[in-house]
Asks: 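Quick one: the structure is below, and I'll ask about it shortly.
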4 protein chains.
Amino acid sequence: MTTTKKAAPPSERRAHLVRLAADLFAEQGFRATTVRQIADAAGILSGSLYHHFDSKESIGDEILRGFLDDVLGGYREAVTGVDDPRAAIERMVRFSTAALSRHRAALTMLQNDWAYFSAQKRFAYLRTAMREIEQTWLDQLERGKQTGQFRADLDARLAYRLLRDILWIPTSWKQARGRSWTTDEIVDGLLRLLFDGIVAR
Amino acid sequence: MTTTKKAAPPSERRAHLVRLAADLFAEQGFRATTVRQIADAAGILSGSLYHHFDSKESIGDEILRGFLDDVLGGYREAVTGVDDPRAAIERMVRFSTAALSRHRAALTMLQNDWAYFSAQKRFAYLRTAMREIEQTWLDQLERGKQTGQFRADLDARLAYRLLRDILWIPTSWKQARGRSWTTDEIVDGLLRLLFDGIVAR
Amino acid sequence: MTTTKKAAPPSERRAHLVRLAADLFAEQGFRATTVRQIADAAGILSGSLYHHFDSKESIGDEILRGFLDDVLGGYREAVTGVDDPRAAIERMVRFSTAALSRHRAALTMLQNDWAYFSAQKRFAYLRTAMREIEQTWLDQLERGKQTGQFRADLDARLAYRLLRDILWIPTSWKQARGRSWTTDEIVDGLLRLLFDGIVAR
Amino acid sequence: MTTTKKAAPPSERRAHLVRLAADLFAEQGFRATTVRQIADAAGILSGSLYHHFDSKESIGDEILRGFLDDVLGGYREAVTGVDDPRAAIERMVRFSTAALSRHRAALTMLQNDWAYFSAQKRFAYLRTAMREIEQTWLDQLERGKQTGQFRADLDARLAYRLLRDILWIPTSWKQARGRSWTTDEIVDGLLRLLFDGIVAR
DNA sequence: AATGAATGAGACTTCATTCAT
DNA sequence: GATGAATGAAGTCTCATTCAT
């Protein structure tokens, strides 16, 4: 009846439910959140959720896809036409941080339940996407070494792994008690740490 | 060395079971691991575990306490009689990394199931211990700022939070597929990144 | 008449299940009855009970509250506007007997599992209610002593304890093999025994 | 090796264990008491109990037999050579009360777990013994009616059932908080209630 | 006599999911 | 779109009992 009506008929109601679920996933993790909690948040019974989704995993799928589409698109844009690798990395960092704060649930799911998702065929795209993300970072780091902007002895893959996980960190703090820093402060602190370390010069 | 606990009469068998459980917790998380899996790993029936522990949480408790006792002791030793804050931090970093690799399960539990544990009275000591750990870091970072070794504009608390989580990262990689770096390489990479950044000079 | 409870949305199905459970509790005791037996009696799986109740204890709670509300209400009514203590006691006896036969499960639970229930915070109201019941009896017994209708040397508290337990007796016979007496016969026998003893005059 | 050595080799240790178990049964009931609790009370492990008894029921059996042997013997003696039925009943009441306080566990078991025991062949003697006890009471009550000492309209069987259960009451109070009355006071109160009622003359 | 370890049956409970209405 | 009821698999835990040492 409605427009698309395939695996994911995009309705307002449906999108709203995904958002509610995402909030819960972000705070508790995917597995630790029950469909009943999601339904409660929506003010309906848990069984009624199945009019909108055919499984809990479908909701997870939707959230993860949304995140990866966003990140992948953003990274492609971040490096396109930017010659300076340091500038490109700074753009990637800033974009990552923004994207992660838009998709807190996806981050929690990737951190807490990676083993659960990546073991399923249905989520094979997760590995593919992560690989592209990795490659984008490696490209910029290697270019920086070639231009002499970055240390020649830098292990690009090691740096990437460290950086990726480091970028994930601040997002997982959100909504914590202290709440002392703005996103910008954190990113700046991170970039400063990243490029210059903590030692005074 | 170790104090004899009443609630947990130490026995070889028991210690062995804790180790088996810890391996599973490290890989899957505490909640995601079932007592049946632990029992299977030990070659016994799940109910038989309760001859040794009065609950799954007791096993978790034992693992977490072991970790925190280790870390707290190590940190105290790392800073005692060390005047140079940079040296103290380097000692703390090296100790942390070693301790974390000795207690991978505890790390996974703290990362994945913090909400679950910290909500329980029984695990109130988690918060206490984390507070002491934080204070130890803050002390050294502040001292470094006073001596002029660290940047004067360094936000100590922000740096601590970033550093703590960053130190946790490499441990969670262990046993992953790539397995490209030794612990020492990772620590060195981390320290290098930490003190000097990635930019060439 | 009945107040709508939040924790226990009333439904026909639910009420029916409580009744089934009550029958089993009456015959076997609360602890000795398994949720599986209750579910079997209802023709469903044991897990399905948890769609209606959040625990076995919730069922027990519902039964006990229903009983105490009934008794307390009845006692208040029994003594209101009745000047003659002997008449009041007779009304209380008759009401008790009727109430008990309406709530056989509650009686069994109080007799067999008092220790279990009264040890839990959730069932604190049990003690409160029993205290009010006791006070109602003591009031009437003392008044009877003052009016000279009852023996001056009567130990009111001792008499209450004996009477209360005595009143509980006949209900626990019901559904036994012999089944020789009607409720009225038992009450009359009891009242006769109570007021006049067994000795001929 | 030892003297009898059949189903129940009477050793001091064994008797001691039975006593410990009886205390627990008296307070918690037979089913509600675990073998582990018994073992704990004895300072041994639960498995070690099986050197003395071949099952938990064996302990119950021993306790119940001891009680019934005592009561049956006492009743026979109470009525032998006593012509006056009122005197005989008073002797039976006094003996019952004394016996019950000596065998509190048996009483609790009979009250709480009668259904459990009486359903087993092994405990068939319970019914036999109860029948003899009942007959002894009926004999005295009927004789009292014939001599004109008791009311002619007294329903002997009803009176027996009431009396038996009434006699059980005070024992189940023991060890309660109030602890206001001595055994003698209770028996006297009971006899007074029984023979004369509460009404003043 | 007792320990230490284990069994096996069964208890209460959780939860994603299904489906008739 | 939603309800109300149920399923079925799985999870944590309990407990009487057994047995080699």
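Below, chains carry the letters A, B, ... as their sequence lines are ordered, and counting in each starts from 1.
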Asks: With nearest nucleotides of DNA chain F determined for C:Gly47 and B:Gly47 from heavy-atom distances, which residue corresponds to the more 5′ nucleotide?
Replies: C:Gly47
Asks: Quick check: on DNA chain E, is the nucleotide nearest C:Ser46 upstream (toward 5') of the one nearest A:Ser46, or the reverse? Name the residue that is more 5'.
Replies: C:Ser46
Asks: Between P on E:dA2 and NE2 on D:His16, what's the gap in Å once rounded to a whole number?
Replies: 11 Å
Asks: How would you label the contact of A:Ser58 with the nucleic acid (heavy atoms, under 4.0 Å): base, sugar-phosphate, or nothing?
Replies: nothing
Asks: Please report, rounded to the nearest Å, how far the P atom of E:dT13 is from the CZ atom of B:Arg36.
Replies: 19 Å
Asks: Take the protein atom CZ of D:Arg31 and the nucleotide atom C1' of F:dT14, then report the distance between them rounded to whole Å.
Replies: 15 Å
Asks: Return the nearest nucleotide to the side chain of C:Ser11; candidates are F:dC13, E:dC12, F:dA5.
Replies: F:dA5
Asks: In this structure, are over 12 heavy atoms from other groups packed under 6.0 Å from C:Arg31 atom CZ?
Replies: yes
Asks: Would you say D:Arg13 places a side-chain N or O within less than 4.0 Å of OP1 or OP2 belonging to E:dA2?
Replies: yes
Asks: Grab the CD1-C1' distance between D:Ile38 and F:dT17 for me, whole Å please.
Replies: 13 Å
Asks: With a non-hydrogen cut-off below 4.0 angstrom, is B:Ile44 in contact with a base, only sugar-phosphate, or nothing?
Replies: sugar-phosphate
Asks: Between D:Tyr50 and F:dT17, is there a contact of a side-chain N or O with OP1 or OP2 at under 4.0 Å?
Replies: yes
Asks: How long is the line joining CD of B:Glu12 and C1' of E:dT3, in whole Å?
Replies: 16 Å
Asks: Distance check needed: F:dA16 P versus B:Leu45 CG, whole Å only.
Replies: 18 Å
Asks: Distance alone, cut at 3.5 Å: any donor-acceptor contact between the side chains of A:His16 and A:Arg19?
Replies: no
Asks: Could you state the atom-to-atom distance from CZ of D:Phe53 to P of F:dA16 in whole Å?
Replies: 14 Å
Asks: Where the side chain of B:Val35 is defined as all heavy atoms beyond and including C-beta, which of F:dT12, F:dA16, E:dA11 is the nearest nucleotide?
Replies: F:dT12
Asks: Taking the six-membered ring for Trp, are A:Tyr116 and A:Phe30 parallel (under 30°), tilted (30 to 60°) or perpendicular (over 60°)?
Replies: tilted
Asks: Quick test of your reading of the model: are D:Asp69 and D:Arg65 salt-bridged, counting only N-O distances below 4.0 Å?
Replies: no
Asks: Among E:dA2, F:dA16, E:dC15, find the nucleotide with the atom closest to the side chain of D:His52.
Replies: E:dA2
Asks: Please tell me if C:His51 has a side-chain N or O lying less than 4.0 Å from either OP1 or OP2 of E:dC15.
Replies: no
Asks: Across all strands shown, which nucleotide pairs with F:dA5 by Watson-Crick or G-U wobble geometry, both distances under 3.5 Å?
Replies: E:dT18
Asks: Kindly compute the distance separating OH (B:Tyr125) from CE (B:Met130), expressed to the nearest 0.5 Å.
Replies: 12.0 Å
Asks: Compare side-chain N and O positions of C:Ser48 against OP1 and OP2 of F:dA5 and report whether any pair is under 4.0 Å apart.
Replies: no
Asks: Output the rounded distance in Å from CG (D:Leu49) to C1' (F:dC19).
Replies: 15 Å
